There are 2 protein chains.
Amino acid sequence: MSFFDTAGKMAIGSRLRLLTEKITEDAGKIYALFGVGLQPKWFPVFYMLANNEALTITAIAKEIGHSHVSVSKIVREMVKHGLVKEKKDKSDGRRNMVTLSAAGREVNQRLSEQCVDVGSAIEELSASATHNLWEAIGEWEFLLEQRSLLRRVMDQKKKREGQEVTIVPYSRKYQQAFRDLNEEWISTYFKMEAADYKALDNPKSHILDKGGIILVALYKEEPVGVCALIKMKDPDYDYELAKMAVSPRMQGKSIGWLLGSAIVEQARALGARNIYLESNTMLKPAISLYHKLGFQKVAGRATPYERCNIQMELIF
Amino acid sequence: MSFFDTAGKMAIGSRLRLLTEKITEDAGKIYALFGVGLQPKWFPVFYMLANNEALTITAIAKEIGHSHVSVSKIVREMVKHGLVKEKKDKSDGRRNMVTLSAAGREVNQRLSEQCVDVGSAIEELSASATHNLWEAIGEWEFLLEQRSLLRRVMDQKKKREGQEVTIVPYSRKYQQAFRDLNEEWISTYFKMEAADYKALDNPKSHILDKGGIILVALYKEEPVGVCALIKMKDPDYDYELAKMAVSPRMQGKSIGWLLGSAIVEQARALGARNIYLESNTMLKPAISLYHKLGFQKVAGRATPYERCNIQMELIF
DNA sequence: TATATTTATGTAACTGGTTACATAATTAGT
DNA sequence: ACTAATTATGTAACCAGTTACATAAATATA
């Protein structure tokens, strides 16, 4: 069974399941060996009851990490075997108070010997291993609690894909993409306005020839994001960041951040004192991106765009 | 959920199951995230097929540690999703050869990216833990392969119970036990003989008063084993080890060994040159115990017992 | 060469859990 | 004081595996 050696970490779930199963199987035999009339799967519930006067189904479930349904079933089985008793709580009609019966307490006595032997067997096992499984499980539980495996994989994916994104300067072949990517989000959230058509249809004359810049983000050769830096005729501001668009199919790959920081870098290289931009508070991810890039909200100015309800600036 | 902290090692199965479950759950979401049309539970089978031209159900099962039934089901599901193909083996009509379909190979391409990200996520996770779960699992698999958990617990039990056994000298109150324990095994395997009754009914006059010794093994105050050292009137032998009996309900606690070595010790203290005994080869555990105590088979001598077919001696 | 054993696979039923949904009792918010 | 939300529990159906048993093909053996 070299599978786990070659398949690597992808099979960790499978591997854990197998180990769990092997241990559970032996656990069954161990209970039989000690002649304690207890099923292994009852143990967590039984243990909780042995160490508490009376507990509700839900309380047990929460403590041992099972679903309440599972606990409910187990309790039912144990009642049938005379190990526990159920009693409705007087002060709360929903609660089903479960307690160990006399027979259950008697079993608990005998169980303690088993606990000792299992404990020392595992102790001995751990002692002959260089890596402590028990501690390792505890750590994983903790680490996964902090940030789930899913989250961690998502982050890795983003990181890897981000490395596959390249930012290149605009050229004729990206004109269609420049228009389409912008039209896509604008018409999703708002309506295309006259000023949009002017800039999107004539990027060269309206942006580049006037001393502006357009950058394109490529993912596997395909343009998936664009961003423009437009020269402003304004005494207060040198450039405007505008027409930033990222394909919705490419969200979550930091493309916006890569484009944004590249454009800011270019502006700095061009000797800009500042950058201005207009947006809408509806576009939360965009606003938060601008924040991360260093932009700050500024008081209202005139704008040709109806959809603009927030204005920001970045001072170098 | 402090359960695992207090319940200790007895709950290791439960704890492993919970961790496994959490990981499996996230695994499902990860497959969804990558849009690879693969169910997590298919992975081990899929992986094996991706790395081998064609495999039989059983071969896959053996390699990934599932039952063949499970593999059979998984293959059926994957066939329905067009990922694999089945084909009867021409040279062996029982074999069902399974291979990846073109679609399956295509999925394999996309899966590789996922493998990379999952691999690095787990790598990163391991790096931030001080105890290496992966290695620990490997070690446990190995150690449990060597000696199962059941075996280890059995050994612990024996050891602990052995420590609770005390060997005490015979006194009047053990006369009944001395008789009953011996009669129990003799009449199970053979028939009580005249010589038996003589010794068992009058231990004082027949054994002790003639310079012999009787030892009793107590487990929780109860006599559970007996053994006699009888002075022999023989030029060759000083003492005979006889009437050794251990309650069948107390087997597997090394009581025989404790009694035997105590009696050998006493004989040595009495200045014996040797010990003689008679037994029957049918009683395998007894013979092997005598061997462990240092007894060797000797040639035939006269004996009052019909059941005797082997004679042994221990030379100091 | 006929028969017994082993091997490959499938079907049915079980197991130890789960989620989804339902219901009744309690608590909170106006 | 009433309605909405929450909590405790149960029932039904599902899930990913298992074992037990059945069958057919191949191999070993007398």
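Letters A, B, ... mirror the listed sequences (proteins, then strands); counts begin at 1. What you are looking at is a predicted structure, and each value in this text was computed from that prediction instead of being measured.
- For the pair R147(B) and E124(A), the salt-bridge criterion is met [side-chain N within less than 4.0 Å of a carboxylate O].
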Tabulate protein N/O versus nucleotide N/O from nucleotides 24-26 of chain D, keeping only pairs under 3.5 Å, one per line.
residue: dA25(D); atom: O3'; partner: G93(B); partner atom: N; Å: 3.3
residue: dA26(D); atom: OP1; partner: G93(B); partner atom: N; Å: 2.9

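- Residues L16(A) and T20(B) approach most closely at CB-OG1, 3.5 Å, considering heavy atoms.
- Inter-residue side-chain proximity for L49(A) and V84(A) is flagged as met; some heavy-atom pair is nearer than 4.5 Å.
- For the segment residues 42-59 of chain B, no residue has any heavy atom less than 4.0 angstrom from an atom of DNA chain D.
- Residue R17(A) places at least one side-chain N or O under 4.0 Å from the OP1 or OP2 atom of dG17(D).
- The base of dG10(C) sits within donor-acceptor range of the side chain of H68(B), with an N or O pair under 3.5 Å.
- Looking at heavy atoms from C-beta onward, F190(A) lies in side-chain contact with M282(A) at the 4.5 angstrom threshold.
- When distances run from any side-chain atom of V69(A) to the nucleotides dT18(C), dT9(D), dT19(D), the shortest one goes to dT18(C).
- Relative to the side chain of Q39(A), the nucleotides dG17(D), dG16(C), dG17(C) differ in distance, and dG16(C) lies closest.
- Note: NZ (K22(B)) to P (dT18(C)) measures 13 Å, nearest angstrom.
- Rounded to whole Å, the distance from CD on E21(B) to C1' on dG17(D) is 13 Å.
- Looking at every heavy atom in both residues, F4(B) comes nearest to I64(A) through CZ-O, 4.4 Å.
- Distance NZ (K41(B)) to P (dT18(C)): 18 Å, rounded to an integer number of Å.
- A salt bridge does not link K159(B) with D155(B): every distance from a Lys NZ or Arg NE/NH1/NH2 to an Asp or Glu carboxylate oxygen is 4.0 Å or more.
- Salt bridge present: E141(B) and R15(A) bring a charged side-chain N and a carboxylate O closer than 4.0 Å.
- When distances are taken from the side chain of N96(B) to each of dG16(C), dT18(D), dT9(C), the shortest belongs to dT9(C).
- The shortest distance between the side-chain N/O atoms of S72(B) and the OP1/OP2 oxygens of dG10(C) is below 4.0 Å.
- Taking the side chain of S67(A) as heavy atoms from C-beta on, and the options dT18(C), dT18(D), dT9(C), the nearest nucleotide is dT18(C).
- The side chain of R76(B) has dT11(C) as its nearest neighbour among dT11(C), dT9(D), dT9(C).
- The nearest pair of heavy atoms linking A129(B) to E139(A) is CB-OE1, 3.1 Å.
- Taking the charged nitrogens against the carboxylate oxygens, R160(B) and E164(B) do have a contact shorter than 4.0 Å, which makes a salt bridge.
- A donor N or O paired with an acceptor N or O is found under 3.5 Å between the base of dT18(D) and the side-chain atoms of K73(B).
- Rounded to whole Å, the distance from CD1 on I64(A) to C1' on dG16(C) is 12 Å.
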